[in-house]
Structures are given as C-alpha cells and as structure tokens.
Colleague: 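One structure, as structure tokens, below. Some questions next.
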Amino acid sequence: LPGQSEISHRVGKDSRQAVLHCVRKSSSQVVKKEQVQATEAMAEQAYTVPTFRERAPEGMQEYQRMAAHFGRDLVQLQHELHRMKVATKEQVDNIEITREVKGMMPLRKDYPAEVPKAPDFLVSLRSHTVWEKTPVKLFCTVSGKPNPIVKWYRNNVAIEPLSAPGKYKIENKYGVHSLIISRCAVTDSGIYSAVATNPHGKATSKATVCVRRPLGGGELSHLPGQVPLLSGIHPSKLEVTLLESFGVTFGTEGESVSLVANMVVVPDLPNLPPEAMWYRDDTLLMPSRWAEMSIGGGVAKLTLPHLNKDDEGLYTLCIWTKDGTAEHSAYLFVKDATPTVAGAPGAPMDVAVFDVNADYVLVSWKPPNTTHEAPITGYFVDSLYVDVMLKVLFCINKHLIYSCLVYVTIPDPPTNVHATEINKTYIVLNWTPPSPRGRAPVWYLIEKCVGDSHIWQRVNTAVQLRSPRFPVYDMEDKKSYRFRVITVNKYGSSEPSEPTAAIQKVDPYGVVSNIGVPSAPGQVIASRNTKTSAFVQWEPPKHANNLMGYYVDASLVGSKKWFPCNHRPYKHTRFVVHGLVPGDTYVFRVQAVNASGLSEESQDSAPFFIDAALFGAVEYATPSAPYGISLLNCNGSSMTLAWKRPKNTGGSKITSYYLDKREAESVDWKEVNPSPAAHRTFMVENLTTGVFYEFKIQAANLAGVGLPSEPSKAFACEAWTMAEPGPAYDISFWEVRDTFVLVQWKPPVYAGAGPITGYFVDMAKKGSSDFVAVNAEPVGHCYLKVSGLETGASYVFRVRAVNAKDVGKASDVSDPVCAKALPGTKEIVCGVDEETGDIFLNFEACEVSETSKFTWSKSYKEITESSRVSITSSGRNSKLTFVNAEKEDLGIYSVAVTNTDGVSSSYSVNEEELKKMLELSYNIKHPIVPLKTELNYEILEKGHVRFWVQAMKLSSSVNYRFIVNDKAITSAEGYKISHDASTGIIQMTIEHFTKANEGTYTIQIHDGKAKSQSSLVLVGDAFKGALKEAEFQRKEHIRKQGPHFSEYLSFHVTDDCTVMLVCKLANVKKETTFTWFKDDEEIPVDVPPNPMSGSCSLPIPMFSRKDQGIYKAVLGDDHGKDTSVYDISGKVFEDIINAIASIAGSSASDLVLQCTPEGIRLQCYMKYYTEEMKTSWFHRDSKISSSEKMRIGGTSEMAWMQICEPTDKEKGHYTIEIHDGKKSHSRTFDLSGQGNVQMCYMNYLLSVDRGRVVGGLPDVVTIMEKKSLSLTCTVWGDPSPEVTWFKNEQEVVSDDRYKITFEGGKFASLTINNVYVEDSGKYSINVRNKYGGEFVEITVSVYKQGGDIPEPKLGQMAKPAVTPKPATPAPQSVKTPTPPTPTPSVKSPTPTPPPSVKSPTPTPAPKSPTPPRSMRSPTPPRSMRSPTPTK
C-alpha cells in the first residue's frame, strides 16, 4: 500500500485514526501521481526536486562518522521495518474484510439513508488562456445522489478520447472530474462544457479555452494580424538582441507617431548597421514621405508623419541576425479625427483604382465603422487631374494597340455580363470586352427584358457607349430584369452576349435588406488577455459575400454607449481589444464588412470582467510555491516558522498551508501538521534539541495543493536565550509612489530580555549589499514611510528590532520594490455627503480583480469591526464613513486592495481638517437657505416700494412669509408677494407707501429642511429718505402720464464752437407744443421745434457773457405740461466757456506776425474766440498785461496782441496760452531772429500804394425778390488795381444777369438784375495790385414779396481782409523751433497770400501762412482803415 512508511510510525494508535491518515496521504500521493502523468503528457518536467544541499569540506568528516554510526544499525532497522509492514498489512486486511461482511448483512439500519439530490457543481469550470503546445486542465467538483455521470463537450460536440489518442484524458477522482488536453493547438480554442446527469436532473458548467501562438510560432501571440513570411535568406554576421521595443500604440488621423525599438548589436559598426525591414500586416513598407525609417546607434525607428486609418494594423520589425531574424510586433490603432460636423461618419479607407480604361476607371474603398453615428447613406468621389496619369493611360492604350496580333472585322460578343452594384434607383452592369475585338473602334449596345420574356428593348439608344460598364435606370419596382450586350463597329454588330440572370433593384438601407452585404457574424466570446486588453473571437457570417473584414465594438456595461475597437476592417475572426480599464466590465459585438457596406451587428457577448489571464493552466491552477522560510523563535523543543506567500495564487484565495520536515541528515520528509495552517506562521512542536531540521511548505486553494517550496536552510533546534530581540518578519510594501514607499512589517516573536522599544529600517539598492539606516532614531510602530527615493530605482529593505539591551538580529532581506507609482494611481479623498452630511473617505482603485477586496486600516492596523466607521465597496470604489466623527477619529487611515500589484493609499485626518469637515457636515445636517443678498428695498417708478431678498438656490416647494412690525403680511390690496425659483428672488411690493409703513421688516424662508431669516429696520432718517423718494417717484409717474422730458436740459459744444442746449422728449403727439424761454421771455427761432422727433435743441452761436441767463423749455398739450429749467451762470457758464476753450485751443493756429499802421501785431487764429476765455500772453516767460505799448484783444476768429512802435526791446519769445480748465493750449513765436524789428513797420509804410477798397460797400444787404441789386464801391491803388468779384468763393463772370463794371480805375460795381432767393449768399470783392490788395465780404439776403424782412444774424458781419504786398521782397517766413501745430488747409479767393512773418524753423523754403477759411482777415475794423496816401 502507498504510504506504508508513514503508517508504520503510528502503530499502536486507534485503527480509525490510522486509516484516516492513510487516506489523506494516499490522496496526496495520488495527486502527485496525477501531476507526474500530466507532466509526462506535457513532455516537460513540472517540478524538479532540488539537489541536496552541499556541505562544507570541514563538515564532511563529521558527516562520514555519523553515516558509519547509523549504518551499523541499518540492517536491524530494516528487519524491524519489514515486521511492522507485515503487521500493518494484516491489520488493514482485517478492517477491509470487516467492511465487506457488514456490506453483505441484510440489516438496513447500518446504511445511512440517502437523500435523492440533483447534480450540482460545487466548483465550476474556469476559463483558461494558454500557449500553443502546452497542456491545459479543466476540472470541476460535482455533488448529487446518486453520484452523477459527467460527460465532456467542445462546442457542443462530445469529446471522445479514443478519437485522438493521447490528446484528451478524462479522470474522476474523489469527486473531482477533470479533462486534460495535452499539447494544445490553436484549433483547440472553444467553449468546453461538463454535463453532469443522474436520475434526478442535469447540470452544466461551461468555460472558454483560448489557445495562443507564441512569438515565432506561426501566427503571432498578440493577435490580431499575422507576421508576413520572409522570403529568401539574408545572411548576417551581426548578433542583434532587441531590448525595449514599441508596444501597442494609439493614434489619431492627422497626427504623427513613431515606433522605436532599442537593440544591442555585436559588433557595433557605425558604417554597417543591421538590415531592418518594417511590415504592416503582410505588406513590406518602403521609405517614403509617409513612412520615414532609420536605424543606427542601437535604435530602429519608423515614423508615420501623417496618420491615416489605412495605417492601422500590425507592425512588425524584422532584423536579420547571425542566427536568423530578430522580430517584434505590436498593433497600431488609428482612430477617426474629430469630425468637422458632429455626427458625421469617418473617412473611408483602402481606396483602390482598377479596370483603368481610356474613358473610365473603377474606384473601390472600404466603408468606415459607425457606432453612434447615423447609417451611411452614400459617398462623394473626388478626382484630381494629373498629367502623369494621362501618360500612363496613353502608354496602356498604345501597348494594347501594338500588342494586337489578330485582325478581324466584325467583333465577337462581350462575355461575363454581370451586375457589380445594385441600388434602389439603378443597376451598374459590367462585362468583359470581346477578344479579338477587331482593328476598328467598337462600342456597345445594351438590351433588357422583363423577367423570362424574350421581348428585348434597347437601353442606350442616345449614347454611343465605349466603356464596358454602364448604369441602367428607369426600372420599375418589384420587377426583375435580364440584360445582354452587343458589340458594334463600323463593319457590323456581333451576336448578343449571354443574358444575365434576373436582377431586381433593392434599397440597401430601406426595409428590404441588402442582398449585397454579409450576414451578421455568429457568437462572440471574450476571454482574458492582459489587465488592459481582452481576447475576442467570433464565428464567421454564414453568407460572406466577398467579405473584406470585421469591425469590433465595445461598450461598458450599463453605459449603453458603444465605441469602436478597430478603425480598419480586420480579416480574422479573433482580435485583441486594447486600451480597456482594469476592473471594468465590457460587452462586445462584431460587424462584417464588404464593398456593399456593413452587416447587422452580431449579438452582444456575455459581460466580461477585465483582468489578467491565467497562463500555464496546470501549474497555475494551483498556487505556486511559497518561499523565504525563516526561523522566528526556538525554545529547544519547538520552532516558530514564517514564510512568504506564493507569487501566484492560481486565481483563487489561498486557504491553507501544509508543512513537511526532515532532519538535516535524512532524505525522508515527514508531515508536520495533519491539519493545515491557515496563516503564514506556524509553531512546529515535538522537536529534538540539538538536531538540525529542514522544512518545505505547500499552499492550497480551491484547485488543490500546489508545488512544494525549496527546502529551507537547516535550522538548529536550540533554545534562544539572547538578550536582544529576534528578527522581524513579513516585510511588505504599500503606497508605492515615485519618490516614497511605505514599509510595513510584523514584530518579532522572540522579544528577548525585555519589551521591544522600537525598530531600525535599513535600505539598499537592488543588487547592492551596502545597507544604510533610514531612520536615525528607532520608530515605535511597525511601519515607516521612506521618502527621497529615486524614481524608477529598485530597493530592498530589512528591519532590526530594539529593546533595552541591544539591537536585535536583522530580518531577512525583503523582495525588491521599484519606486514608481502604478499608472492611474489615485489618492484617498476626504469629503462630506451632500445628502446626509456624513464625513467620508473615498478611494477609487486604478485596478481590481474579481477576487479583490478593500482593506481599511487606522494607523496601519486593519479595521475589522468598529462602531465608529462603516465601510462600503462597489466595483473600483470603496468608502469609509464616520458614524459620528470626533477627535477620537483623528489619525492615519489607509486602504489596500488585495490581489493587485500593491494598489493602496493613505490619508491623514488632522484636527484642523476635521473641524472644517464638521462645520460643513453641520451645515448639511442642519441646513440653511444660503442668501446672496439680505433683505433690501428699492423705490420703483410709481412710488411703489419693493422689499426683496435673493437666495443662492430655491426649490419649487419653498415656503416663506413676510412679517412687518410683528404682523404677518399676505398678498392683499396694496401688497403683492411673489417669488421666482429660477433666480431665487422673493419679493413684496407695497403700492401705497406712507408714514404708517415705518418699522421692522422680516422674511422667514423654509425650503425643505433648510431655513433662513433676514430682517430690515426702516425707521428714522432712513425711512424719511425712502418716503421722500417714494413720493418723488409717484409725482414723476404722474408727470410722465403726459408729455414730459425724458432727459432734462443740458448743453454740449459742437466742433464749430456753437453751444447747443438739448433735451429729450417722451409721450408726445402732433398737438404737443414746445417753447424756448430766456429770463421768462420767449426766444424766437427760425425753425419751429419738432417734438415728434423725440429731442429739441437751441443753438447759441458765438457764446459770450451776454448769453448768461435762465433758460427754460416748456412742453405741453391737452394731457399735461412739463418744464425744464437750466440756469447758465456761475459754474455752468464756466463749464461752457471751458468746453469752448478746449475746442478753440485745439484748433488754434501758429502765431502769425502782421504789420499794422500802429506797429506789429501777433495773431492766433482759431475756430472761435471770446474775451471770456482764459487767455494769457507771455514775453520771455513774463505775463503781459494790456497797456498803451502792448494792446491785447481779439475778434470772433482770432486773438491778437498789438506791439505799438516796436523797438529792439520787444525782441524775444512770445507765447499765448488758452486754458480750458483741464489743460492749456500754447502757441509760441520768436522775434529774436528778425534783425531790426522796426523794419517790418517800415515795409508796411512803403506798401500804402496797395490796392484796397476805400468805401461804398455795406456789410449786409437785404433786398426783396425781383428787384435789382447794385454793389458799388470806390477802390484805390497805385498802380491801378485789378478787381475780381466772388459769390460764395466762386468767381462771378459778367453775363445777362450779372454785370460787372470798373470805371476810371476807381469805381467798381456788380449789378444783379431780378434777384431771387437763390441769389442770397456771401459776395466778396478782391482789389489787388503789385503791392498787395484787400478782400471785402458782403452778405446778401433776398426775401420773397410779402414776407418778413430778415434781420442780420450773428456771425455774418463782413470784414475786410487786407493783404498788403510790400514793394520790397517779402521777408522769409520762419517758424518757431518747437514742433508746429498744423492748421487746417484753406482756400483763399485772393491769388497771392498776405505778407506775414513767422518765427524761424529749420525748413529754408519761405512759406506765407494762409488763414483758415473760417478765419477773417487780420485787419482792424472799418473804423480803423489804413491811411490813404496823399498825392
């Protein structure tokens, strides 16, 4: 019997115990036997027993002595063992015979009553993904009464082991049914099911087996796609090893992407890089502007500068090496670019041109995938004219012509007439041209007939068709047609071609399904691949119809939103979907594609949880071996051991551990614990003091017992008596980030001579033995956050415990940990629930598995049961909620996710943050209605008073009330209460606000659980002000019921310095009157105001002090009357003068020097001047006051300063400053560079013989219509002057109406016969000789017969413009050295400019200043005529 050696040690014990133990060991050995058989089937060793440890040379002598000693007793021991075996066998045989006798006894009471039970799977089948040529084991556990019979199926087909000897092995041991498939092939992929039946029912368990092909084994393991087969042999003497290579890549249309692979080349010759080839699917890529390739410096790179969806596929890098090729492949996904119009489909791809002819080409493409877009209704095809293509076509045609060797006259009929495209409006026919076709050009005739009739009708009667392709229209619905084609040339026509089969037009997107598109693919199955991908396979459609490929779509369960997994049709029926989120659940669907479009979607796959696959089914169905066995304590008769959990759990939770031991000198292992250990520490008892022991451990899960660990080193069973503590153990790492990591450990089992007071943590980089202490002072807890790490570096740690005596033994060195955070790592978030007000800590894991659990801890001690917090977990989220947060809850909270790569995080709740969260929690649990504004009031236009408050947010069910002087107010006469939930405003309007409304106003708001209150005290001066304003607004409202001023009188100054009084009117009608008053006297106006225009204005030209007064505008009709009063005095008058000064100062010209009979005059022209303007004159920075020597004055066009009898003392700078209340406008003139200033005065005296008007002309003439007007004056000048007349600055020419005379060189006249109103205007005379001249203006007003005689208007007085011209040459005009102020350009009717002098400027050219047209001539008034010389 197996296990006899173990049973022999228990002779003398109860027989039942011996049998039970025998069964347990027998089961263990049977399992081991099954593993050996499976290993033989796999043709590879599953587990290799490690070689016995090597002994040091100094121990060999002692070993040999001990071996000789034991050898002497070996014979005796063997005899004793044989005796015990015989006795044990007899005892077991007796027990078996007793059982058989009891079974033959007729007493039914000895049999337990069997309860009938239908089959039930205690352990269901599990899906597996395995490599090709490796075995896989499917197992399940079934219960039922009577015992069920289990049959195995693949894709619903029964599995017969005899049909493929050595392929399948079916077993049933101890209720565990298993199916072993040896050396799996890709074709073994499918759905396997175990069907258990008994008389009471049937049960089924299913699982998916996915067999993948490894790299270099035909099809690539990282489906989809195939690596192209390399043709030819390329010998190379370089050894190339690929290091880091490109992985699965995602791109977008229009972007650029680079695929990079790093390699080691031996020998590395710069001038002889290895030969590399890039493939996309099975197509060899060549360097172009769309694919840039480079290799050198240990890097191979492929750059796609402008991605298209055609670029999607499996990219393979093949590099020829000494031993063949080094290859690497990865998939590139290219998604659609953002459409210019939302909902528009993506771009088609794989555009191909074929069947090229002289007058047409055929273009084909693959349709894009559509998930959430509308179905495709059609396509637009664009073409680009290229000369090169014409040359190619020409070459093709030429080749065809000269390759014809058979010459015929009448052509043969076409062949292969068929429909290439069927639509709801047309059918496209295609055929093969006849061969031979003859030397003459051919064309084609198409005929059709309905159904099976033989009545043929010509189709293309008006078109001479030369292409073997033609669309046929005008076909009736629900009728089928047959077609045939005839070839024609100049010699005649051929026989008709064979007719086509019956063809009926269809709607590809209508109710009738498109006969051209494929049928929907079959069942879709998803299985595990990696943490971020899934392996999807499906059955091909039953009707392929020239299938181009498939589109795979995915959707997150519950979202109902599909997204494309590939953007280019994929040819195979299996695909790896990348870019999925670990821990989420997806469903998949597939569509087939051909030239006619997309098929219907397949049925959705079963929901699939994204997690890593389990590889190597037999080895990893059970856990891998534990490791790192260490000794924690020894008391001389027992040892406490610890070990590290297996690196692979086999996909299920580890439930127990089994320990075996042996003495160091023995080769036989003995069981330590009949009952399995539940934890990773165990006390092994009944040991012998002074003996060395070795141990090995096995882990077990639902699948069974895993492989044993390597034997531990030999531990001496000697009692520990040292004063320092033993080693810490079970070092683990959590919260791994880029620069820090949290190290945790468990305290030593052996504390030494005193309690443990702290720990030291040592650290070293991986591969180094130079440990450095992390903490200078020992820490009192079993965790430490180590910071300052190098990102991406790997470290190992060890821990030393400290007590009062000394530092203890260091723990075993930990596994290495890399300082790099997991992708997508998130931290714990602290918040307050908006509904309940509970304070919580929430954590979202970046990855989870099906067996993952969230473990919360406080101060890194697991929270198991606590009345202070509650924990809820769902999917990738876990929340810890405080029941009643207090200071007791302060501390560090951490969470860890089991069965992941260390997903964890921590959060420190401090007192300040807890206080803030408690305040927020209180506000939520005891909510208030947050107010944007407190209770306020405003006066409305009718004198109504509105009290209002605005909340941040109001619901539609809000309740509120207003309380005034402790009395609740409701909506009634005189009070209006309302609210607007969208704006949060609650208001109450009092229509009649009186003295009785003085008091305190309060509003109380209730909105759900939230409350709020706001008050306003309106008494005393505040109430009086509100009451006064309300009464004013009430009066204003009454006033506005009739015509009224919407804007009262105000002023503004125009660009020509005219002051305008303006006002705006409202509620006027035709009968409304408008009147202007000044000082209660009506102001007559030329044009009556028009109230209907909405505004009225009163111009005040040439504004001065005389225009001060009280102006009033009165508006009225039968609906009422309104008045606006404007007092122009004081500050208002000053503001107007300043506004005029601002415009006039800005328009001021440069100072001009003018010679006068009294001396020299400096003149500054501007748009308007009045003496009320703040004007100052300066000489050499000294202000000038008006005197006999220096006279200051001005006219409406200019300001001047007269220097009488000038001398050299008057030389220097002269400045005029015009102040407008904000700034000053200054102009400067320099007299210092003129030589003798008195010369200007002398030159003027020499020019008294200039031409000028002596007298006779009035300033203003008023005449009635149809009268004759004669303007006559006396002129003088020596020599006799020339006289020119102007009207509105246009020269008057003598004719029938206008008669011009000049008699005796003294009397000039202009006579107008029969004047009309149109003759009104400004007339002027220009008298001029060689010494100068004079320009005089006259204003003529013509009025109609019987009309009022117009009065002269201000600003229309004519003034002579003297422009003397000296006998001597005029001095050069100069300007001041300061930048000149530009003056407006003018047109003077005089042909020569006046002889004025300006201060010097750098420009040498002389220039006489010409005053603006609005400026008058710089001569004094008529009363100050220039002296007439005596003769």
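Numbers here are sequence positions counted from 1. We use all heavy atoms of the structure for the numbers below, so side chains are in, but hydrogens, waters and symmetry mates are not.
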Colleague: Work out which heavy atom in His1219 is nearest to a heavy atom in Ser1176; give both atom names and the distance.
Modeller: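 In terms of heavy atoms, the two residues are closest at NE2-OG, 4.2 Å.
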
Colleague: Taking all heavy atoms of Cys1057 and all of Lys1167, pick out the closest pair and write down the distance.
Modeller: SG-CB, 4.0 Å

Colleague: With side-chain hydrogen bond (donor to acceptor under 3.5 Å, both in side chains) as the test, would you mind laying out the steps for Thr1272 and Ser1270 before giving the verdict?
Modeller: CA-CA 6 Å; Thr1272 305; Ser1270 177; 3.3 Å; yes

Colleague: Please name all residues satisfying salt bridge (charged side-chain N to carboxylate O under 4.0 Å, His left out) with Asp1319, sequence neighbours left out, ordered by chain then number.
Modeller: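 Per chain and number, Asp1319 pairs via salt bridge (charged side-chain N to carboxylate O under 4.0 Å, His left out) with Lys1287, Arg1297.
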
Colleague: Around atom CG of Asp1055, are there more than 12 heavy atoms from other residues, nucleotides or ligands closer than 6.0 Å?
Modeller: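 No, because the 6.0 Å sphere around CG of Asp1055 holds 12 heavy atoms or fewer from other groups.
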
Colleague: Is Thr1175 close to Ile1216 at the side-chain level, that is, under 4.5 Å between some pair of heavy atoms?
Modeller: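 A side-chain contact exists here, since the closest heavy-atom pair is under 4.5 Å.
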
Colleague: More than 12 heavy atoms of other residues, nucleotides or ligands under 6.0 Å from NZ of Lys1299: is that the case?
Modeller: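 12 or below, so no.
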
Colleague: What's the separation between atom NZ in Lys1266 and atom CG in Asn1314, rounded to the nearest 0.5 Å?
Modeller: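 One finds 8.5 Å between NZ of Lys1266 and CG of Asn1314.
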
Colleague: Could you work out, with side-chain contact (heavy atoms from CB on, under 4.5 Å) as the rule, every residue matching Glu1265, not counting sequence neighbours?
Modeller: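 Partners of Glu1265 by the side-chain contact (heavy atoms from CB on, under 4.5 Å) criterion, ordered by chain and then number, come out as Tyr1316, Val1317, Val1342, Lys1344.
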
Colleague: Side-chain contact, heavy-atom cut-off 4.5 Å: Met1198 with Cys1164?
Modeller: no

Colleague: Among Glu1071, Lys1069, Gln1041, which one satisfies side chain to side chain donor-acceptor pair (under 3.5 Å) with His1119?
Modeller: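 Single pass found, and it is Lys1069.
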
Colleague: Please tell me whether Phe1133 and Phe1103 form a close aromatic pair, meaning their ring centres lie under 6.0 Å apart.
Modeller: yes

Colleague: Side chains of Arg1161 and Ile1203, heavy atoms from C-beta outward: is any pair under 4.5 Å?
Modeller: no

Colleague: Looking at every non-hydrogen atom in both residues, tell me the closest pair between Tyr1168 and Thr1170 and how far apart they are.
Modeller: OH-CB, 3.6 Å

Colleague: What distance do Ile1140 atom CD1 and Met1102 atom CE have between them, rounded to the nearest 0.5 Å?
Modeller: 10.5 Å

Colleague: Going from OG on Ser1182 to NE2 on His1213, what distance comes out if it is rounded to the nearest 0.5 angstrom?
Modeller: 13.0 Å

Colleague: Go through Val1275 and Phe1302 one step at a time and tell me if the side-chain contact (heavy atoms from CB on, under 4.5 Å) criterion holds.
Modeller: CA-CA 10 Å; Val1275 300; Phe1302 184 43; 3.4 Å; yes

Colleague: Side-chain contact, heavy-atom cut-off 4.5 Å: Val1292 with Ile1300?
Modeller: yes

Colleague: Considering only NZ, NE, NH1 and NH2 on the basic side and carboxylate oxygens on the acidic side, decide whether Glu1082 and Lys1112 come within less than 4.0 Å.
Modeller: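 Salt bridge absent between Glu1082 and Lys1112.
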
Colleague: Below 4.5 Å, heavy atoms only, C-beta onward: do Ser1149 and Met1166 meet side chain to side chain?
Modeller: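 No; the side chains remain at least 4.5 Å from each other.
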
Colleague: Measuring from Glu1334:CD to Asn1329:CG, what's the distance to the nearest 0.5 Å?
Modeller: 11.5 Å

Colleague: Has Asp1181 got more than 12 heavy atoms of other residues, nucleotides or ligands less than 6.0 Å from its CG?
Modeller: no

Colleague: Output all residues satisfying salt bridge (charged side-chain N to carboxylate O under 4.0 Å, His left out) with Lys1306, sequence neighbours left out; order by chain, then residue number.
Modeller: none

Colleague: Test Tyr1323 against every option in Ile1312, Thr1339, Leu1257 by the side chain to side chain contact (heavy atoms under 4.5 Å, CB included) rule and name the one that passes.
Modeller: Ile1312

Colleague: Does the pair Lys1174 and Glu1134 meet the rule for a salt bridge (charged side-chain N to carboxylate O under 4.0 Å, His left out), with working shown?
Modeller: CA-CA 10 Å; Lys1174 298 177 183 178; Glu1134 184 179 349; 3.5 Å; yes

Colleague: Strictly distance-based, threshold 3.5 Å: is any side-chain N or O of Ser1095 a donor or acceptor partner for the main-chain N or O of Cys1063?
Modeller: no

Colleague: Would you say Ile1218 and Asp1220 make side-chain contact, with heavy atoms under 4.5 Å?
Modeller: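 Sidechains of Asp1220 and Ile1218: no contact.
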
Colleague: Please report the shortest heavy-atom distance between Ala1308 and Ile1325, naming the atom on each side.
Modeller: CB-CD1, 4.1 Å

Colleague: Backbone N or O of Ser1142 within a donor-acceptor pair of the Ser1146 side chain at under 3.5 Å?
Modeller: yes

Colleague: If you round to the nearest 0.5 Å, how far is CZ of Phe1074 from SG of Cys1096?
Modeller: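 It comes to 4.5 Å.
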
Colleague: Compare every heavy atom of Leu1153 with every heavy atom of Leu1231, then report the nearest pair and how far apart it is.
Modeller: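 Leu1231 and Leu1153 have their closest heavy atoms at CD2-CD1, 3.2 Å.
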
Colleague: Roughly how far, to the nearest 0.5 Å, is the CG atom of Leu1098 from the CZ atom of Phe1077?
Modeller: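 Reported value, rounded in 0.5 Å steps: 12.5 Å.
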
Colleague: Is any side-chain heavy atom of Phe1051 less than 4.5 Å from a side-chain heavy atom of Tyr1126?
Modeller: yes

Colleague: With ring pair (Phe, Tyr, Trp, His ring centres under 6.0 Å) as the rule and sequence neighbours excluded, what pairs involving residues 1172-1211 come up?
Modeller: His1179-Tyr1214

Colleague: Surrounding NZ of Lys1121 (heavy atoms of other residues, nucleotides or ligands, distance under 6.0 Å), is the total greater than 12?
Modeller: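 No, the 6.0 Å shell around NZ holds no more than 12 heavy atoms from other groups.
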
Colleague: Can you tell me if CD on Glu1171 sees more than 12 non-hydrogen neighbours from other groups inside 6.0 Å?
Modeller: no

Colleague: How about CG on Asn1288, more than 12 heavy atoms from neighbouring residues, nucleotides or ligands closer than 6.0 Å, or not?
Modeller: yes

Colleague: Could you check whether Glu1282 pairs with Arg1328 (Lys NZ or Arg NE/NH1/NH2 to Asp/Glu carboxylate O, under 4.0 Å)?
Modeller: no

Colleague: Have a look at Gln1033 and tell me which of Glu1036, His1037, Glu1029 forms a side chain to side chain donor-acceptor pair (under 3.5 Å) with it.
Modeller: Glu1029

Colleague: List the steps, then state whether side-chain contact (heavy atoms from CB on, under 4.5 Å) holds for Ile1338 with Asp1259.
Modeller: CA-CA 5 Å; Ile1338 309 99; Asp1259 293 333; over 6 Å; no

Colleague: Give the C-alpha distance, both sets of side-chain angles, the deciding distance and a yes or no for side-chain contact (heavy atoms from CB on, under 4.5 Å) between Ile1137 and Met1173.
Modeller: CA-CA 6 Å; Ile1137 292 298; Met1173 293 166 54; 4.3 Å; yes

Colleague: Please lay out, stage by stage, how Thr1195 and Tyr1169 fare under the test side-chain contact (heavy atoms from CB on, under 4.5 Å).
Modeller: CA-CA 6 Å; Thr1195 66; Tyr1169 176 77; over 6 Å; no

Colleague: Given the rule in the side-chain hydrogen bond (donor to acceptor under 3.5 Å, both in side chains) test, do His1044 and Asn1067 qualify, once you have shown the distances and angles that lead to the verdict?
Modeller: CA-CA 7 Å; His1044 63 275; Asn1067 200 16; 4.7 Å; no

Colleague: Search all heavy atoms of Ser1104 against all heavy atoms of Glu1172 and return the closest pair with its distance.
Modeller: CB-OE1, 3.8 Å

Colleague: Taking only residues two or more places apart in sequence, or in another chain, which ones meet Lys1035 in a salt bridge (charged side-chain N to carboxylate O under 4.0 Å, His left out)?
Modeller: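 With sequence neighbours excluded, Lys1035 shows a salt bridge (charged side-chain N to carboxylate O under 4.0 Å, His left out) to no residue whatsoever.
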
Colleague: With sequence neighbours left out, write down each residue that passes salt bridge (charged side-chain N to carboxylate O under 4.0 Å, His left out) with Lys1040, or none if nothing qualifies.
Modeller: none

Colleague: Could you check whether any side-chain heavy atom of Ile1100 comes within less than 4.5 Å of a side-chain heavy atom of Leu1061, counting everything from C-beta outward?
Modeller: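 Yes; the side chains approach each other to less than 4.5 Å.
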
